[in-house]
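Notes follow the structure.
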Amino acid sequence: MCGIVGYIGNREAFPILIKGLKRLEYRGYDSAGIALLNGDLSVYKKAGKVSELEKVTDGKPTYATIGIGHTRWATHGEPNDTNAHPHLSQSGNLAIIHNGIIENYASIKAELQKRGYTFHSDTDTEVLVNLIEEVRKQEKSSLEDAVRIALNEVVGAYAIVVLDKANPDYLVAARKGSPLVIGIGEGEFYVASDATPIIEYTKNVVYLDDQEYAVVRRNGEFTVKTLGNVQKSPAIQKLEMSLETIEKGGFEHFMLKEIYEQPKVIADSLRGRMSASQGWIKLGGLSEYINRIDKADRFVVTACGTSWHSGLIGEYLIEDLARVSVEVEYASEFRYRNPIIDEKDVVIAISQSGETADTLAAIELAKERRALIYGICNVIGSSIARASHAGSYTHAGPEIGVASTKAFSTQICILTLIALQIAQQKGTISTSKLREILYELENIPSKIEEVLKLDAQIKELAAIYKDASNFLYLGRGYNFPVALEGALKLKEISYIHAEGYPAAEMKHGPIALIDEEMPVVFLATNQSAYEKIVSNVQEVKARKGKIIAVVNKGDTQIRALADHIIEVPETEEVLSPLITIVPLQLLAYHIAILRGCNVDQPRNLAKSVTVE
Ligand code: AGP
């Protein structure tokens, strides 16, 4: 959470920083600020979005060729002007931007207070910048050394950039646990939380590793060292992302664009990894470790949020097709509950951003216990991708809307391929069944195109239910995780309370909630448990709940019972989540829009949760 961006070079820094902050706004948007050095150090900060910051800077002197900017997701201290970054040191000479949490800030703050430091904000970041200042004073050291020494004293996670009023020719940046990318231009450098603020200016980047810091200089030189003061020779990588992929491309919102991109990105995630006609599946990462994976006693899937939901679908797929036992764990629980895990286990870590702190920590724990880590990430070069022994990228392209959509679908594609490849290896699937599923997988993009044509119908439905206070989502089997995901989509962007449940569990409690005010969304495309789900629909109808049912085309039984029907093309049951999730994404989107919510940047949320 929090987006940081810095620039040093010959161009005007202000527009680069503002544009960069807008691209990073998905990481946090409760306040924003900027520090520009042009003789004087000017700091502008404002609660609210980057657009509020722009209003503050309007008409003010903003010319500079070095500067830093920050968009915040509050951890310490409420989101107000004072707590917004950048923070200045006591002397006013150092300015810092920070993404992360300094866990031992309270003891450092107390110590600094004894030495005469006063603090204006409630943030841990102001403590860090003063610690750097104090170290520099005590050690009579360079800024670079002071940053290194200070960071060796702090516990926590950070990506920081520090600017020194007395040195307009360099910036110092460092990371541990939060991402940091350096863009290398012609005699200029960009530093940012991800590559989106950089892509427009240069394709050459260096991803800093954990516990590394960099000094970037106006003369075009840069150095990278570890926090142990060991010089590194960083690999310069070429960005493959294009500018169009991070723009809205004619859509009103990123979320809608990303929902509509699903047919394309699903095809991208499958490309070169399977052939239905030849009956093969080959996930590079999996093939490399296939012997160890084949011998695994069980799989443990760990993730958070939407990625956890796709992990649950992964459990159903792997157990169903490959007949290996799977456990699905919230990363935040897994890491703190002393789980039984050893070298015979394979841990599948799923993360769109590849930066989620809890998932990363769960990986570290599983690695300590010698499990094989298989990462499923979207962001290339992300921390989780790099911390994994093997893995597969989802190839969904940048996902900017805070509510995850296309990342979810592509995660399911990878999990399906994993399940099928292991099933093939173990001989738990017949050749004919394997081909049927692969053919159907190839057809999924065109079937999703058909579902997207229901957009207008779903918008009408959204208008009917936009003022509901609660929603229930029910599904069985493969559609149960879809119910969870549909409910999460609705609550996170429309702020309507929603619950997802296995349809049969309803009678053990949630049925008490049902009355004529309660919309109940049924995922009823299952072939295997169809009669059972019809009974569940009857139970809701008997209690006058409003029934919205997602059914296969041509369904008659549920049509006769439901208040509203969303007909989707039939597919193999194991692939049904790829189809049934789409109307739920659209329903959440339209309800949120009709309620006047900011769907791309819902309140209190951030795209990448880099705090525990
Ligand atoms: C989904 O819409 C969320 N905003 C959130 O639950 C997200 O899936 C979760 O934070 C995990 O993120 P990751 O996939 O980047 O690890």
Which heavy atom in [X] sits nearest to a heavy atom in [Y], and how many Å separate them?
X: Leu24; Y: Ser193; answer: CD2-CB, 4.1 Å
X: Thr82; Y: Ser121; answer: O-CB, 3.7 Å
X: Ser310; Y: Phe408; answer: N-CE1, 3.6 Å
X: Asn378; Y: His395; answer: OD1-N, 3.7 Å
X: Ala173; Y: Leu208; answer: O-CD1, 4.1 Å
X: Leu256; Y: Leu586; answer: CD1-CD2, 4.1 Å

**Asked** Between Ile493, Asn598, Val599, which is the residue that forms a side chain to side chain contact (heavy atoms under 4.5 Å, CB included) with Ile593?
**Response** Val599

**Request:** Using the side chain to side chain contact (heavy atoms under 4.5 Å, CB included) rule, pick out the option among Leu21, Leu605, Val50 that qualifies with Tyr29.
**Result:** Leu605

Please check if the side chain of [X] supplies one atom and the backbone of [Y] the other of a donor-acceptor pair under 3.5 Å.
X: Asp358; Y: Ala331; result: no
X: Glu355; Y: Ser383; result: yes
X: Asp81; Y: Lys45; result: no
X: Arg595; Y: Lys466; result: yes
X: Asp169; Y: Arg217; result: no
X: Thr71; Y: Cys2; result: no
X: Trp73; Y: Asn604; result: yes
X: Lys203; Y: Lys238; result: no

Using a distance-only test with no angle check, is there a side-chain donor-acceptor pair under 3.5 angstrom linking [X] and [Y]?
X: Gln90; Y: Glu134; answer: no
X: Glu258; Y: Tyr260; answer: no
X: Glu485; Y: Thr306; answer: yes
X: Gln262; Y: Ser409; answer: yes
X: Gln585; Y: Thr405; answer: no
X: Ser307; Y: Gln411; answer: yes
X: Asn130; Y: His87; answer: no
X: Thr65; Y: Arg218; answer: yes
X: Asp194; Y: Thr196; answer: yes
X: Arg72; Y: Thr123; answer: no
X: Ser91; Y: Glu133; answer: yes

Is there side-chain contact between [X] and [Y], with at least one heavy-atom pair below 4.5 Å?
X: Leu163; Y: Ile97; value: no
X: Glu54; Y: Lys46; value: no
X: Ile566; Y: Leu454; value: yes
X: Thr125; Y: Val129; value: no
X: Val172; Y: Arg148; value: no
X: Val402; Y: Asp600; value: no
X: Ile184; Y: Val205; value: no
X: Cys413; Y: Leu578; value: yes

Using a strict threshold of under 4.0 Å (side-chain N to carboxylate O), is an ion pair present between [Y] and [X]?
X: Glu399; Y: Lys406; value: no
X: Lys264; Y: Glu449; value: no
X: Lys257; Y: Glu252; value: no
X: Asp209; Y: Arg386; value: yes
X: Arg11; Y: Glu188; value: yes

**Asked** With ring centroids as reference points, do Phe189 and Phe222 lie under 6.0 angstrom apart?
**Response** yes

**Request:** Please lay out, stage by stage, how Glu492 and Arg603 fare under the test salt bridge (charged side-chain N to carboxylate O under 4.0 Å, His left out).
**Result:** CA-CA 8 Å; Glu492 72 180 328; Arg603 71 184 179 204; over 6 Å; no

**Asked** Above 12 or not: heavy atoms from other molecules or residues under 6.0 Å from CD of Glu333?
**Response** no

**Request:** Could you check whether the rings of Tyr190 and Tyr7 sit parallel, tilted or perpendicular, using 30° and 60° as the cut-offs?
**Result:** tilted

Atom pair [atom1]/[atom2] of [X] and [Y] - distance to nearest 0.5 Å:
X: Glu12; Y: Ile66; atom1: CD; atom2: CD1; answer: 14.5 Å
X: Phe471; Y: Leu584; atom1: CZ; atom2: CG; answer: 10.5 Å
X: Leu490; Y: Asn470; atom1: CG; atom2: CG; answer: 10.0 Å
X: Ile160; Y: Ile4; atom1: CD1; atom2: CD1; answer: 8.0 Å
X: Ile380; Y: Tyr393; atom1: CD1; atom2: OH; answer: 6.0 Å
X: His590; Y: Ser494; atom1: NE2; atom2: OG; answer: 13.0 Å

**Asked** Is the NZ or CZ atom of Lys60 positioned over Tyr44's six-membered ring, under 6.0 angstrom from the centre and within 45° of the axis?
**Response** no

**Message:** Would Lys248 pass as a cation-pi partner of Phe254, given that its NZ or CZ must be under 6.0 Å from the six-membered ring centre and within 45 degrees of the axis?
**Reply:** yes

**Request:** Before giving the answer on side chain to side chain donor-acceptor pair (under 3.5 Å), spell out for Lys49 and Gln601 the whole-Å C-alpha distance, their side-chain angles and the decisive distance to 0.1 Å.
**Result:** CA-CA 10 Å; Lys49 303 208 165 182; Gln601 293 170 350; 2.8 Å; yes

**Request:** Using the salt bridge (charged side-chain N to carboxylate O under 4.0 Å, His left out) rule, take Asp164 and Arg136 through it: C-alpha gap first, then chi angles, then the decisive distance, then the call.
**Result:** CA-CA 12 Å; Asp164 180 3; Arg136 183 154 81 154; 2.8 Å; yes

